[in-house]
Amino acid sequence: MAALKSDLLHVLTERGFIHQVSDFEGLDAAALAGRITTYVGYDCTGPSLHVGHLLSIMMLRWLQQAGHRPITLMGGGTTRVGDPSGKDATRQLLTVDQIEANKTSLRAVFARFLDYGEGPGGAMMVDNAEWLAPLNYIDFLRDVGRHFSVNRMLSMDSVKLRLERDQELSFLEFNYMILQAYDFVELHQRYGCTLQMGGSDQWGNIVNGIDLGRRMGTAQLYAMTCPLIMTSSGVKMGKTAQGAVWLNRDHLAPYLYWQFWRNTEDADVERFLKLFTTLPLDEIARLAALRGAEINEAKKVLATEATALLHGREDADAAAETARKTFEEGTAGGELPSFAVPAVSLDAGIPVLSLFVQAGLASSNGDARRQVKGGGLRVNDEPLADEQRMIGRADLVDGAVKLSLGRKKHVLVRPA
RNA sequence: GGGGGAGUGUCCCGAGCGGCAAAGGGGGCGGACUGUAAAUCCGCUGGCUUAGCCUUCGUAGGUUCGAGUCCUACCUCCCCCA
């Protein structure tokens with residue numbers, strides 16, 4: 001690979017964002033020559049994005065920073081079809097209403113990372129339902145479908161894997177790659193978009209778009225993918241057993257988001273600082289050099305910076321302060337998750353077990369009971385030994401009762 | 001259409017001579033040790049008003065004192081033949 005000349009590829013490379021690029025030199029030259037327009041597509045399969053999406057958003061952010069124009073493409077049309085990539089089985093088909101609701105709910109997050117201003121480098125939000133929904137079947141087959149070879153489609157990973165494992169692949173899903181390829185061409189024709197980025201599982205779909213573009217006479221298009229992030233222990237990042245690590249604050253409070261980053265494994269700290277914060281590399285190198293318990297300082301910086309990008313500096317600092325009070329002072333910080341109980345029932349007294357269940361720290365009374373036996377529950381930092389205990393007004397400390405499961409999960413119960 | 005095989009604990013994989021709340025993993029949660037890390041060790045992992053009761057093995061019936069296990073029908077998936 002020749003020395004990189006463009007800021008764009010330089011930054012993305014040294015921060016570890018790049019997994020594959022279709023034509024490194026060509027893209028480098030294009031980025032150097034002028035403003036390029038790039039898109040990343042987001043399916044509307046859920047009500048919120050999660051940390052798995054963050055990598056591509058950060059790429060768009062750096063790209064905009066380097067003077068180029070990002071497009072966030074909402075998959076209002078493609079989600080009605082469903083991407084088979086990386087999925088074992090057909091997903092439940094979402095209704096159009098659900099997709100629309102999801103789309104609305106996803107939008108806000110992007111504005112935290114990208115500038116949707118009017119300028120030539122301003123980001124754009126586009127929905128592919130705009131051109132996919134009105135398509136006429138016969139026309140589409142003749143104009144676009146004729147460029148696709150079924151022989152080749154069958155050899156694509158997303159299709160091949162399903163066939164090899166004898167897993168159902170509906171004709172509907174089989175069409176997904178055609179629509180995504182067409183999106184790229186459409187975005188090129190409408191907005192001069194020449195680069196599509198995405199996760200490494202999107203490589204095949206993106207390259208299809210480049211091919212289709214060539215056949216339909218667009219300028220040279222480019223593909224760039226980012227790596228699939230696994231934690232050092234080999235788990236796909238952001239998929240906890242409780243569910244995804246959501247970006248929308250009504251799905252995951254800033255404090256809990258901060259906690260997610262704070263609990264990063266030592267071995268991942270440097271990589272995550274590069275990918276998920278905008279700190280300069282020499283600062284990151286300094287933090288990553290910390291050893292032993294000192295690396296916790298780096299984790300706090302990671303947590304605060306990553307949270308600040310998404311939720312703002314103020315909420316990030318508040319989360320950090322709450323964590324400090326909770327974990328270093330052993331008191332209760334104000335940003336801890338809280339849960340309100342009617343004042344009258346508090347006066348009457350509430351059985352501890354059911355209180356833990358209501359607070360979401362136990363899934364059933366039996367679960368809570370087991371946790372008591374295992375020594376995992378605390379009330380106001382006192383280990384809970386008596387599962388019959390009643391919680392009442394007398395247990396309020398500074399207006400709240402602090403319930404804890406293990407050392408990390410705390411909920412404040414307040415009268416309402 | 002004909003022949004064969006499979007569906008087990010609402011996270012997954014998976015054993016299961018008619019006595020089964022059902023082996024064993026993985027994952028998860030908790031405890032110990034630590035640094036809110038990793039590794040390691042230990043415990044837990046259907047519900048309840050917990051010496052007991054209730055609900056679970058694709059669905060619905062049946063045989064039996066007793067069914068995940070045997071019988072019948074049906075559903076779904078896979079393989080071979082057409």
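To find a chain, count down the sequence lines: A is the first, B the second, and so on, and within it residues start at 1.
- Using the Watson-Crick or G-U wobble rule with both distances under 3.5 Å, B/A21 pairs with nothing in any strand shown.
- In this model, the phosphate group of B/G30 is approached by a side-chain N or O of A/Lys409 to a distance below 4.0 Å at OP1 or OP2.
- For A/Ala123 against A/Tyr116, the heavy-atom pair with the smallest separation is O-CD2, 3.3 Å.
- Judged by Watson-Crick or G-U wobble contacts below 3.5 Å, the nucleotide B/C11 has B/G26 as its partner.
- Summarising the geometry, the separation between NZ on A/Lys325 and P on B/U36 is reported as 19 Å, rounded to the nearest angstrom.
- Taking atom P in both B/G14 and B/G26, one finds a spacing of 15 Å when rounded to whole Å.
- Residues A/Gly406 and A/Ala323 each lie close to RNA chain B; by heavy-atom proximity, the contact nearer the 5' end of the strand is made by A/Gly406.
- Nucleic acid contact class of A/Gln259 (heavy atoms, under 4.0 Å, all strands): base.
- For A/Leu405 and A/Lys300, each mapped to the nucleotide of RNA chain B holding its nearest heavy atom, the one lying further toward the 5' end belongs to A/Leu405.
- For B/G47, the base has no donor-acceptor partner in the side chain of A/Asn365 [N/O atoms by modelled type, under 3.5 angstrom].
- For A/His251 and A/Tyr257, the ring centers are positioned 6.0 Å apart or more.
- Among B/G35, B/A38, B/C48, the nucleotide with an atom closest to any side-chain atom of A/Lys299 is B/G35.
- A/Leu302 places its CG atom 21 Å from the P atom of B/G35, with the value rounded to the nearest Å.
- Computed from coordinates, the A/Glu294 CD to B/G35 C1' distance equals 11 Å when rounded to whole Å.
- With B/U36, B/G30, B/A38 as the choices, the nucleotide that has an atom nearest any side-chain atom of A/Trp258 turns out to be B/U36.
- Shortest non-hydrogen contact noted between A/Glu297 and A/Leu290 is CB-CD1, 4.1 Å.
- B/C79 adopts an anti glycosidic conformation, its chi angle falling more than 90° from 0.
- Distances were taken from every side-chain heavy atom of A/Asn296 (C-beta onward) to each of B/A37, B/G30, B/G35; the shortest belongs to B/G35.
- If you take atom C1' in B/U45 and the same atom in B/U10, they sit 14 Å apart, rounded to whole Å.
- Here B/C44 presents its C1' atom at 17 Å from CZ of A/Phe356, a figure rounded to the nearest Å.
- Dashed line: the shortest gap from a side-chain N or O of A/Arg369 to OP1 or OP2 of B/U49 is under 4.0 Å.
- Spacing between atom CZ of A/Arg324 and atom P of B/G35 amounts to 19 Å, rounded to whole angstrom units.
- Nucleotide B/U40: paired with B/A32 (Watson-Crick or G-U wobble, both distances less than 3.5 Å).
- Using C1' as the reference atom, B/A67 and B/C20 are 10 Å apart when rounded to the nearest Å.
- Nucleotide B/U36 holds its P atom 18 Å from the CG atom of A/Leu256, rounded to whole Å.
- Between A/Arg271 atom CZ and B/A37 atom C1' the separation is 15 Å, expressed in whole Å.
- A sub-4.0 Å separation between OP1 or OP2 of B/A37 and a side-chain N or O of A/Thr264 is absent.
- Proximity note for A/Ala293 (side chain, C-beta onward) versus B/G30, B/G35, B/A38: the nearest is B/G35.
- If you check the side chains of A/Trp131 and A/Asp183, you find a donor sitting under 3.5 Å from an acceptor.
- Between the side chains of A/Asp83 and A/Gln202, at least one donor-acceptor pair of N or O atoms lies under 3.5 Å.
- Comparing the C1' positions of B/C70 and B/U63 gives an interatomic distance of 8 Å, to the nearest angstrom.
- Here B/G47 is the nucleotide among B/G35, B/U36, B/G47 with the atom lying nearest to any side-chain atom of A/Ser364.
- If you check B/G61 for Watson-Crick or wobble pairing at under 3.5 angstrom, you find it paired to B/C71.
- The C1' atoms of B/C57 and B/U69 are separated by 10 Å, rounded to the nearest whole Å.
- Side chains of A/Tyr255 and A/Thr307: no donor on one and acceptor on the other come within 3.5 Å.
- Base pairing of B/G52 is made with B/C48, judged by Watson-Crick or G-U wobble geometry with both donor-acceptor distances under 3.5 Å.
- Of the candidate nucleotides B/G35, B/U50, B/U45, B/U45 has the atom nearest to the side chain of A/Arg370.
- Atom pair A/Leu287:CG and B/A37:C1' shows a separation of 16 Å (rounding to whole Å applied).
- On the P atoms, B/C81 is 39 Å away from B/C11, given to the nearest whole Å.
- Note on A/Lys408: a side-chain N or O is less than 4.0 Å away from OP1 or OP2 of B/A37.
- With both pairing distances under 3.5 Å, B/C77 is matched to B/G5 as a Watson-Crick or G-U wobble pair.
- For the residue pair A/Ser404 and A/His410, a side-chain donor N or O sits within less than 3.5 Å of a side-chain acceptor on the partner.
- Between the P atoms of B/G31 and B/C77, the separation comes to 45 Å (whole Å).
- If you run salt bridge (Lys or Arg N to Asp or Glu O under 4.0 Å) between A/Asp395 and each of A/Arg389, A/Lys402, A/Arg414, only A/Arg389 comes through.
- On the P atoms, B/A22 is 13 Å away from B/C44, given to the nearest whole Å.
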